[in-house]
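Read the structure below first, then the notes.
In what follows, chains carry the letters A, B, and so on, assigned in the order in which the sequence lines appear, proteins first and then strands, with residues in each chain numbered from 1. Atoms considered below: every heavy atom in the structure, side chains included; atoms not considered: hydrogens, waters and symmetry mates.
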Amino acid sequence: GRGTDGEVKILYWQAPSILNPYLSGGTKDVESASMIIEPLARYDEKGNMVPFLAQEIPTLENGGVSEDLTTITWKLKPGLKWSDGTPVTSEDVKFTADYCMHPEGGCAQLSFFDGVEKVETLDELTVKVTFDQPKPNPYGPFVGGQSPIIQKKQFENCMGAKAPECTEANFNPIGTGPFKVVEFKPNDVITMEANPNYRDPDKPAFAKVTFKGGGDATAAGRAVLETGEFDYAWNLQLAPDVIANMEKGGKGKAIAGFGPLVERLEMNLTDPSPSLPEGERSTRKHPHPFLSDKRVRQALSMAIDRELLVEIGYGKAGKVTCDLVPAPEIYAAKNDYCLKQDIDGANKLLDEAGYKDTNGDGIRETPDGKPLKILYQTSTNAVRQDFQALIKEWWRQIGVDTELRNINASVFFGGDPGSPDTFQKFYADVQMYANTFNGTDPQQYLAAYRCGNEPKPESQWQGENINRYCDPEYDKLIDELARTGDINKRAEIAIKMNNMLTKDSYTIVPLVHRGRVSAHSNTLGGVVLNVWDSELWNVADWYRIK
Amino acid sequence: MTDKERFVPDEGLAPASTVLPAAGELDEFTKPPRSQWANVWDQFKTHKGALWGGILFLLIVVTVFLGPYVWTIDPTHIDIRARNQGPSLAHPFGTDQLGRDMLARMMAGGRTSVSVGIAAMLLALGLGSLIGVMAGFFKRLDGPLMRLTDLFLALPLLPLLLVMMMLFREPLNATFGPEQGIFILIVCAIGITSWMPTARIVRGDVLALKEREFVLAARSMGTTNTKMILRHILPNVLSPIMVSATLGIATAIITESALSFLGLGFPPDFPTWGRLLFDATDYLQQYPERVFWPGMAISLTVLSVNYLGDGLRDALDPRIRGR
Amino acid sequence: MLTFTIRRLVLAVPTLIFISLVIFLLLQLAPGDPMAQVPLTVPPEVKEKMREALGLGQPLHIQYWKWLVQFFWIEPQVLIDHYLGTSFSQGDLRVISWQTRSPVMDIVIQRIPQTLWVVGTAYVVGILIALPIGIYSAYRQYSWFDQAGTFVSMVGFSVPPFFSGVLVIVIFSVHLGWFPSIYDTTHVVDDWDSFVYQLRQMIMPVMVLALQITAQISRFMRASMLDNLNQDYVRTARAKGLGEYTVVMVHVLRNSMIPVVTVIALGVPSIFGGAIITEQVFKVNGIGQLLIGAIQANDLPMVQTLTFIFAVLIVLFNLIADVLYGLLDPRIRYD
Amino acid sequence: MLDQPLDQPLAKVERLRVEFETRDGTVVGVEDVSFDIKPGETVCIVGESGSGKSVSSLSLMRLVEFGGGHIAGGRLLFDRREGGVVDLAQADTNLMRHIRGNEIGMIFQEPMTALNPVFTVGRQLTEGLRLHMGMTRAEAEARAVELLRQVRIPEPERRLKQYPHELSGGMRQRVVIAMAMACEPRLLIADEPTTALDVTIQAEILALMNRLKRETGTAVMFITHDMAVVAQMADRVVVMYRGRKVEEGPVEEIFANPRHDYTKALLAAVPKLGEMRGRPDPEPMRLLGVEDQDLRPIRGTDEPLLQVRGLVTRFPVKGGFFRRTIANVHAVEDVSFTLNKGQTLSLVGESGCGKSSAGRSILRLVEPLAGEIDLDGLDIMKLDADGLREARRNMQMIFQDPFASLNPQMQLVDQVAEPLRNYGIASGSEITDRVAHLFDRVELPRSFLRRYPHELSGGQRQRVAIARALALNPKLIVADESVSALDVSVQAQVLNLMMELQAELGLSFLFISHDMAVVERVSHHVGVMYLGRIVEMGPRQAVFENPRHPYTQALMKAVPIADPHRRKSEKDLNFKPIPSPIHPLDYEPAPSEYEEVEPGHFVLTTDSGY
Ligand SMILES: Nc1ncnc2c1ncn2[C@@H]1O[C@H](COP(=O)(O)OP(=O)(O)OP(=O)(O)O)[C@@H](O)[C@H]1O
Ligand SMILES: Nc1ncnc2c1ncn2[C@@H]1O[C@H](COP(=O)(O)OP(=O)(O)OP(=O)(O)O)[C@@H](O)[C@H]1O
Ligand SMILES: [Mg+2]
Ligand SMILES: [Mg+2]
Ligand code: NI
């Protein structure tokens with residue numbers, strides 16, 4: 001029955017700052033908000049869509065999606081109530097779109113509304129979304145934790161520039177989810193209680209939630225696995241033996257799930273040399289002196305022992321991968337070209353390509369005498385630093401000298417065009433980080449590597465084609481993918497693109513398919529780790545094991 | 001500067017008490033003359049803690065700088081099969097999660113930590129003494145310089161460090177190489193955010209010193225301001241400066257480790273005691289010895305340097321030494 | 001004394017404005033971007049829009065002026081409104097944090113209680129332990145107690161809190177299970193049991209912080225006592241036939257407290273500033289954690305406001321220290 | 001009070017030996033010292049600095065132990081009021097605590113530091129009363145007021161609430177005395193109670209103690225190194241030398257007929273006021289044990305070297321909100337005098353009357369407000385910074401405190417060479433040569449060249465200071481209280497040295513002192529200063545033998561005379577406290593006008609404030 005299991009305590013080592021996911025893209029904010037506000041549909045742990053506020057998932061088959069792929073029509077479940085008792089209507093859904101698409105609002109989830117031409121209410125419970133062009137994947141708006149429905153009444157006066165002024169609404173959104181906010185202390189703790197108007201009268205089982213933020217992953221793991229103070233800890237990015245040791249505490253267990261997140265090495269195809277004038281570094285004006293040679297990139301990849309990386313860095317939470325898109329199943333290329341470390345092969349390859357150590361210092365030189373010296377950067381993070389050290393060592397064995405650099409994450413991922421240290425600027429030869437995509441469709445993700453989409457001075461260093469990759473063939477495939485509706489066809493194209501970036505060109509050198517490890521206490525039941533949506537997607541089903 | 005200003009009394013400043021002549025014992029005067037440093041050494045020797053502190057510190061410095069010639073394993077050498085080992089003959093301090101030799105890493109880390117400690121201390125001391133002396137000696141500069149001190153006290157270290165990283169890393173890397181570059185950067189960051197206490201202490205002492213008669217006497221002999229500072233003021237504030245120095249080494253080492261904690265310290269292949277300790281705290285339960293060594297090294301260094309400071313203060317203070 | 005205080009206060013205003021400007025410029029110069037927290041899946045154009053919505057594109061002097069007005073003109077009005085129920089600040093834009101999109105001052109006020117509970121208690125506890133140690137160490141200079149005190153305080157000084165903090169957590173939370181390892185900021189003390197719980201959750205962070213504070217203050221106290229123990233007036237007091245206790249605890253202590261009290265006063269701003277690392281380790285989520293979080297998220301209005309408040313406190317407590325000095329030491333009379 | 005037989009001693013020190021544990025081993029403070037004190041008697045202990053006077057007295061209170069010493073031998077017998085004779089050397093701490101302050105009171109040397117700066121006078125006075133007499137606060141306060149009245153402090157009720165620093169030095173010393181007397185101890189130990197004080201205040205304090213002793217019958221153990229004070233105070237005298245007692249006897253006996261060589265030397269070294277009567281020019285002192293002294297009078301010339309006209313120096317007092325000058329300290333007010341080549345002009349006066357300020361103004365170490373200073377034709381006031389530096393070659397200064405005026409961190413050779421280096425006069429080995437010669441000149445062994453100031457005795461240090469002043473061959477030396485801090489015997493040596501140098505090199509001295517006897521010994525001319533003005537000026541003989549200004553007359557009276565037959569009583573003394581020299585900005589002082597009473601002997605006719 002509702003509220004019979006007392007209190008559940010959740011620990012996120014990153015503290016939520018706001019409960020309105022439209023004003024913050026941060027995972028912590030999206031996930032914490034997902035207990036309160038809900039989208040029309042979510043992805044389940046396998047990446048399948050399940051209706052939440054919607055009656056069913058609109059498809060071509062059931063006519064919810066128009067034949068020309070330009071509209072999608074959602075029907076709300078009847079009788080839904082906001083936590084304040086007022087009914088949920090299609091107006092709210094439409095409002096949500098208006099709210100996010102307001103030009104001055106700075107909506108963080110705008111990309112979900114990409115291509116949305118208009119949103120109309122057909123009746124109390126029906127909304128129709130019209131796109132400006134055919135959308136093979138029309139499940140952007142209102143699907144998944146990032147674009148939940150907010151109440152029109154509450155946010156009506158918070159549109160556009162006024163959005164940040166509505167502190168009360170942003171901190172205490174009225175929702176349809178299993179819980180509602182009692183008190184929100186930004187960057188610290190949220191206390192919630194069961195939503196009396198939740199659609200399932202038996203849920204949630206917990207009457208109260210304490211959602212604590214802050215600290216670090218070690219402490220979070222300790223609190224769940226060793227001291228048992230908390231029931232659930234999010235994203236334990238810890239060395240596998242540390243987690244294993246914590247599990248010995250016997251208070252809980254770690255669970256892992258795999259989405260499309262890949263830790264990879266990005267090769268800079270352009271020359272980042274500081275001797276170039278500012279504005280020309282890492283631009284397509286100057287190709288990289290040796291990394292523009294595929295054989296060098298290949299050799300660098302061959303020298304890496306990915307098994308060991310997984311073992312040391314991620315354990316259960318990682319798998320060896322050679323793919324940029326390792327999931328979902330249907331899009332995964334399942335390459336195996338990189339699984340074996342092959343130092344000798346790499347050496348041979350470089351020898352053949354003419355990169356020889358001519359001066360006997362243990363470092364190879366390019367045919368025109370430039371030493372193979374690599375600046376290898378990543379964000380500051382213990383596991384990444386271990387990877388750096390290991391890879392540096394392997395590269396040394398193939399005669400490549402590596403200089404390591406780690407940059408504070410907030411600078412590295414900050415994208416400040418004034419800073420030389422952002423991953424977009426890529427003032428290094430190689431960089432390492434992880435990236436993924438939302439939902440289950442990789443189209444946008446793969447479209448990033450379009451010619452001209454690279455960060456460059458003219459675009460204020462914005463752009464997603466970090467490697468400065470450019471292949472007209474590839475661009476053609478991007479366009480083709482955008483036109484194709486058939487899922488199997490799409491998968492075929494996507495796998496081709498994936499291979500072009502990895503296996504064929506070694507532009508991107510995937511290292512580890514990273515899962516997410518979270519931990520829950522032994523007394524917490526119903527936890528299903530979901531990497532396609534919010535981890536807390538089914539918090540309504542959680543219960544206390546007695 | 002004119003002479004006139006010197007006689008405007010400072011607010012809140014009690015005049016320096018003049019040191020009365022010590023009781024004269026005639027046989028004292030027949031003792032052979034000794035150099036100042038011999039006296040300092042004599043005094044220093046009698047302070048047991050200081051002596052041991054000094055020896056220990058020296059030992060640490062020697063181990064850390066000369067040790068690698070004896071223990072020749074490369075601290076960055078990865079032997080992945082031998083990871084997370086406990087102490088053994090091959091690895092007396094064990095190995096870390098990548099199988100790197102902890103003893104070698106301790107020595108390499110010590111080299112950085114001790115150098116950062118000493119260099120940052122020297123910088124902080126230089127700045128602190130300069131500003132302290134200037135503020136104390138030239139009344140006109142006092143106000144502005146003390147406000148400057150307030151300003152620096154209020155500055156947050158972290159953004160400052162980030163700004164410095166951004167502005168200076170590339171040029172420093174270009175001129176000194178990546179390791180030296182970041183070293184200089186961190187030393188500067190610690191240095192320029194920790195000179196304030198020294199400046200205050202020195203200023204206070206200089207203000208008191210300025211009222212002493214020998215300064216007036218020197219002025220009446222035509223000593224210029226520069227010479228006054230160099231000959232008369234600086235040597236007499238040496239003892240508080242030395243104490244700040246020893247404290248400074250300790251704080252610099254600790255600050256560096258805190259920076260490592262906040263992810264702003266040295267790069268990962270650049271071990272320092274602070275970083276080793278921080279990295280090891282995750283393994284506190286499985287491999288307690290990993291925490292033990294760097295923790296011990298930091299504590300011992302700080303401890304030895306503090307004792308050293310205590311002794312130096314006694315030794316350098318002419319009032320104590322003079323008796 | 002009064003004119004001295006007022007004069008210093010007035011002089012502090014330009015100093016503070018200057019400090020705020022320097023902090024502002026420094027933060028502007030600093031690399032990093034509030035969008036760093038946003039996942040890489042959010043495309044750059046969207047990030048750019050978000051940036052604009054935060055007002056990042058505006059010229060520097062306008063941003064600074066806006067902050068000045070908000071901080072010095074609007075925030076005080078809000079305060080007045082809050083207490084008097086007036087509505088001066090109606091409709092004015094307050095200093096808004098980029099992370100939370102809520103007024104910075106509200107969050108700061110929210111954070112003060114836990115910071116004061118933990119850091120403040122640690123400070124008080126540290127001082128209460130430090131003073132007797134310092135006094136006795138000086139009185140029995142070079143005795144074993146003195147040596148031990150020196151040793152312990154130096155160890156306390158030399159152990160970084162991220163280490164000692166984790167150590168006590170492992171010992172007292174994990175192995176012994178005595179205290180919670182995570183501080184509950186929502187805990188309300190309303191009866192004996194909840195008070196006991198509050199004590200239990202405070203004890204470890206307070207211990208770790210107090211160790212450092214004790215280490216420093218006891219060194220000061222000892223030095224100051226040593227300075228005074230050899231003074232002539234002590235001999236006079238003894239010649240009057242006063243007991244050792246009176247001589248030390250009344251005559252010497254009062255004099256040696258003068259510099260120590262000012263040192264203590266100078267340390268007070270750091271209480272409000274929080275203890276960054278300790279708060280982080282024990283998840284106290286006080287002001288220190290707020291600052292470091294804001295720095296990491298490049299939340300400039302938050303960092304600017306916090307550091308500025310900190311600067312105000314430093315300047316203010318410098319003044320208080322001076323005034324205290326004057327009050328405690330009858331020989332010193334300002335103006 | 002005198003209910004005991006007089007020959008029964010109140011306190012008896014027998015074969016006292018005190019040792020100090022220092023780093024250089026055991027130091028013996030006093031050895032084999034025996035003497036006794038009878039009820040109602042004043043025993044003076046004299047001896048040079050470091051001879052063990054303080055150690056003996058502190059031993060009697062068992063306070064040496066707190067200074068790191070311990071009583072290694074001997075007995076300290078004390079006849080308690082009830083309970084008979086106890087040996088204080090063996091007494092336990094509780095007993096000692098009871099005796100201290102209650103049965104033995106002690107007055108310390110330094111009035112400035114002997115009082116706790118953070119407690120009110122009242123609190124410190126009543127503390128002992130409440131402890132030993134068990135009085136309530138009110139009773140103790142009443143008694144405290146009475147005590148302050150006894151020591152003649154005006155407005156005693158108000159004083160109780162004041163802090164020590166709000167009282168003048170003389171008043172503070174009186175408070176200390178009142179404190180020591182509070183519980184009517186039977187033995188009062190006074191350790192150099194007047195050394196740090198001005199003549200006038202000293203005279204008052206001595207008279208006060210004499211009166212109190214008479215009135216209460218307390219026995220007094222009086223420690224001093226000043227023979228003149230001994231002559232004023234003592235019934236019996238104990239002479240100490242290097243930790244031992246060398247002579248003991250009734251005061252007349254000691255003065256008339258000293259036995260021990262040291263006592264003789266001590267007495268010979270004391271300049272006595274009136275000694276120079278009838279001799280117009282200064283003469284070096286005859287010192288015992290020094291062969292072939294040149295005791296010829298020093299004539300000098302009548303050619304003016306330094307002419308000062310209308311010198312005014314004021315220090316601003318800042319205040320108010322904007323720290324503007326709200327008042328001025330009129331330190332030197334319209335002072336004019338002439339100093340001849342090869343002669344000495346002395347400025348005398350009480351502390352704070354502006355002597356030092358006048359001396360410093362002449363070197364422009366403080367900037368005078370107005371006036372003319374003419375040094376051998378050079379107008380000092382007109383010089384710019386460089387010119388002034390150059391001019392200081394010809395005028396040098398010797399400061400009061402020989403320790404404070406030497407840099408403790410510099411070797412002597414460097415300190416003496418500093419002026420030479422500053423002016424680039426010599427370089428390299430020539431410097432060492434010249435410094436060595438200067439050392440010879442002031443009779444310091446050359447082996448001292450590499451020593452540090454703290455390794456020298458006070459007299460030696462002052463010689464170094466003189467050597468340094470001589471390094472530039474100046475024409476004028478301003479000697480600001482150059483001998484005040486020295487022991488009598490050393491003082492005599494230094495004075496002789498200065499006179500000798502004057503005779504040989506034709507130096508002119510501006511000699512600043514508050515010690516009338518010394519001034520009488522060394523000067524050709526004398527100016528008496530009061531509140532910034534010279535109230536009387538003229539040839540030394542004229543001023544000393546025929547003082548005309550009332551202030552000069554009072555000052556003369558206050559000087560203790562080293563003759564036990566000419567004791568002063570409190571009635572002879574009549575001092576008003578010096579009015580404040582601080583005046584508001586608009587205050588216009590009248591110009592100084594003088595009446596020439598004799599040829600060259602001027603007396604101020606303007607109102608001086610006295
Ligand atoms: N605390 C101490 N430690 C070591 N030696 C001491 C100490 N106090 C005094 N002495 C030594 O004892 C001797 C006698 O000193 P004392 O203070 O009695 O001299 P004094 O006659 O009072 O001199 P003054 O006239 O300068 O006061 C001196 O040689 C001095 O060096
Ligand atoms: N630097 C200064 N600032 C303000 N007032 C001063 C200063 N120096 C001296 N005075 C004041 O000027 C007056 C004369 O002082 P001065 O030192 O000349 O007296 P003095 O006769 O030398 O006394 P003493 O015998 O104590 O040395 C005193 O009232 C003193 O307080
Ligand atoms: Mg003495
Ligand atoms: Mg003077
Ligand atoms: Ni000037």
Side-chain angles (χ1 to χ4, degrees), chain A residues 11 15 17-18 20 23-27 104-111 161 163-165 167 170-171 183 185-189 191 210 212-216 219 222-223 226-227 229-230 249 408-416 418-422 433 435-438 444 460 462-464, chain C residues 29-54 93-94 96-103 106-107 110-111 114 166 169-170 173-174 177 180-186 279-285 289-290 293-299:
Chain A
L11 184 58
S17 352
I18 189 166
N20 180 353
L23 291 184
S24 149
T27 318
E104 282 162 40
C107 175
Q109 313 301 349
L110 200 57
S111 60
E165 286 171 48
T167 308
N170 292 334
F171 281 6
E183 190 191 15
K185 291 186 169 181
N187 289 348
D188 182 11
V189 64
T191 12
T210 301
K212 170 91 178 175
D216 51 71
R222 199 174 280 138
E226 291 189 290
T227 67
E229 286 165 75
F230 275 74
N408 186 279
S410 71
V411 178
F412 189 59
F413 297 118
D416 177 359
S419 164
D421 293 329
T422 61
Y433 59 87
N435 202 354
T436 184
F437 53 92
N438 285 315
Q444 241 185 347
Q460 270 67 56
Q462 300 302 329
E464 297 151 295
Chain C
L29 266 177
D33 185 280
M35 294 300 116
Q37 306 263 304
V38 176
L40 294 181
T41 46
V42 175
E45 318 80 78
V46 175
K47 285 190 189 169
E48 198 49 48
K49 277 253 164 67
M50 293 171 73
R51 234 175 247 132
E52 263 164 40
L54 293 178
L93 204 59
R94 301 175 60 186
I96 300 278
S97 149
W98 287 348
Q99 275 180 97
T100 67
R101 308 301 183 89
S102 70
D106 291 357
I107 306 179
Q110 208 170 59
R111 292 300 175 98
Q114 51 254 42
V166 173
I169 286 184
V170 166
S173 298
V174 176
S181 71
I182 289 176
Y183 188 92
D184 180 1
T185 43
T186 56
E279 285 188 0
Q280 184 117 327
V281 168
F282 292 96
K283 271 73 65 186
V284 176
N285 294 353
Q289 190 265 356
L290 188 64
I295 287 174
Q296 273 162 0
N298 283 288
D299 185 354

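Here A:Glu226 is the residue among A:Glu183, A:Gln109, A:Glu226, A:Gln460 with the most heavy-atom pairs under 4.5 Å with chain C. Ranked by heavy-atom pairs shorter than 4.5 Å toward chain C, the options A:Gly249, A:Gly26, A:Ala108 are led by A:Ala108. With chain A as partner, the option from C:Ala294, C:Ser102, C:Pro103 having the largest number of non-hydrogen pairs under 4.5 angstrom is C:Ser102.
If you measure heavy-atom distances from A:Phe171 to chain C, the contacts under 4.5 Å come from the side chain alone. Contacts of A:Glu104 with chain C are made by backbone atoms alone, with heavy-atom separations under 4.5 Å and no side-chain atom involved. For C:Ile107, the part sitting under 4.5 Å from any heavy atom of chain A is the side chain, from C-beta outward, and nothing else. Both the backbone and the side chain of C:Gln99 have a heavy atom closer than 4.5 Å to some heavy atom of chain A. With a 4.5 Å cut-off on non-hydrogen atoms, A:Lys212 touches chain C through its side chain but not through its backbone.
In this structure the side chain of C:Arg111 reaches within 4.5 angstrom of the side chain of A:Asp188, judged on heavy atoms. Inter-residue side-chain proximity for C:Arg101 and A:Asn20 is flagged as unmet; no heavy-atom pair is nearer than 4.5 Å. Counting only heavy atoms from C-beta outward, the side chains of A:Leu11 and A:Glu229 never approach each other to under 4.5 Å.
The distance from atom CZ of A:Arg222 to atom CD1 of C:Ile182, rounded to the nearest 0.5 Å, is 9.5 Å.
A donor-acceptor pair under 3.5 Å links the side-chain atoms of C:Asp299 to the main chain of C:Trp98, judged by distance alone. In this structure, C:Asn285 contributes its side chain and A:Gly213 its backbone to a donor-acceptor pair below 3.5 Å.
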